[in-house]
Amino acid sequence: GRNPAGGRPPGMARKKLTELSAEELQQRRESLAAMPGRMRSTLDDEQANKLEIAVAAIVKAIDENRLDEAQTLSDGLMALMPRRNRGPGGPSGPGSQGGDGGGRPGN
């Protein structure tokens, strides 16, 4: 299928892996596989490594047609993602305070 916008069809990201057609599943797999590269600039090294490991596990499960397991892993992946509305780093473990904070644009 051609998608002139180049993105996923609306709602595809919300469909469970077991509900996707073979073509949609391949698109989701490719999108997941590309995620660590796209996200690296917004993550610290530890987060980036966790994301790479998680994505590799999901892609492997998809490749082996273990879609229920891939779905569970994919759901867990969202917890690794930084939330844009929480600010840099978000609430995390010890050591999350400190640093220069970066300031806000427009000051």
Peer 1: Name the residue from L20, L17, D63 that meets the side-chain contact (heavy atoms from CB on, under 4.5 Å) definition with R29.
Peer 2: D63
Peer 1: Specify the closest pair of heavy atoms between Q71 and K15, including all atoms of both residues, with the distance to one decimal.
Peer 2: OE1-O, 4.4 Å
Peer 1: Are S21 and Q27 side-chain neighbours, meaning at least one heavy-atom pair lies under 4.5 Å?
Peer 2: no
Peer 1: Roughly how far, to the nearest 0.5 Å, is the CZ atom of R38 from the CG atom of L43?
Peer 2: 11.5 Å
Peer 1: Without placing hydrogens or testing angles, list every side-chain donor-acceptor pair under 3.5 Å for residues 48-58, not counting sequence neighbours.
Peer 2:
from: N49; atom 1: ND2; to: D45; atom 2: O; distance (Å): 3.3
from: K50; atom 1: NZ; to: E46; atom 2: OE2; distance (Å): 3.4
from: E52; atom 1: OE2; to: R40; atom 2: NH2; distance (Å): 2.3

Peer 1: Got a second to check how far I62's CD1 is from E30's CD, nearest 0.5 Å?
Peer 2: 10.5 Å
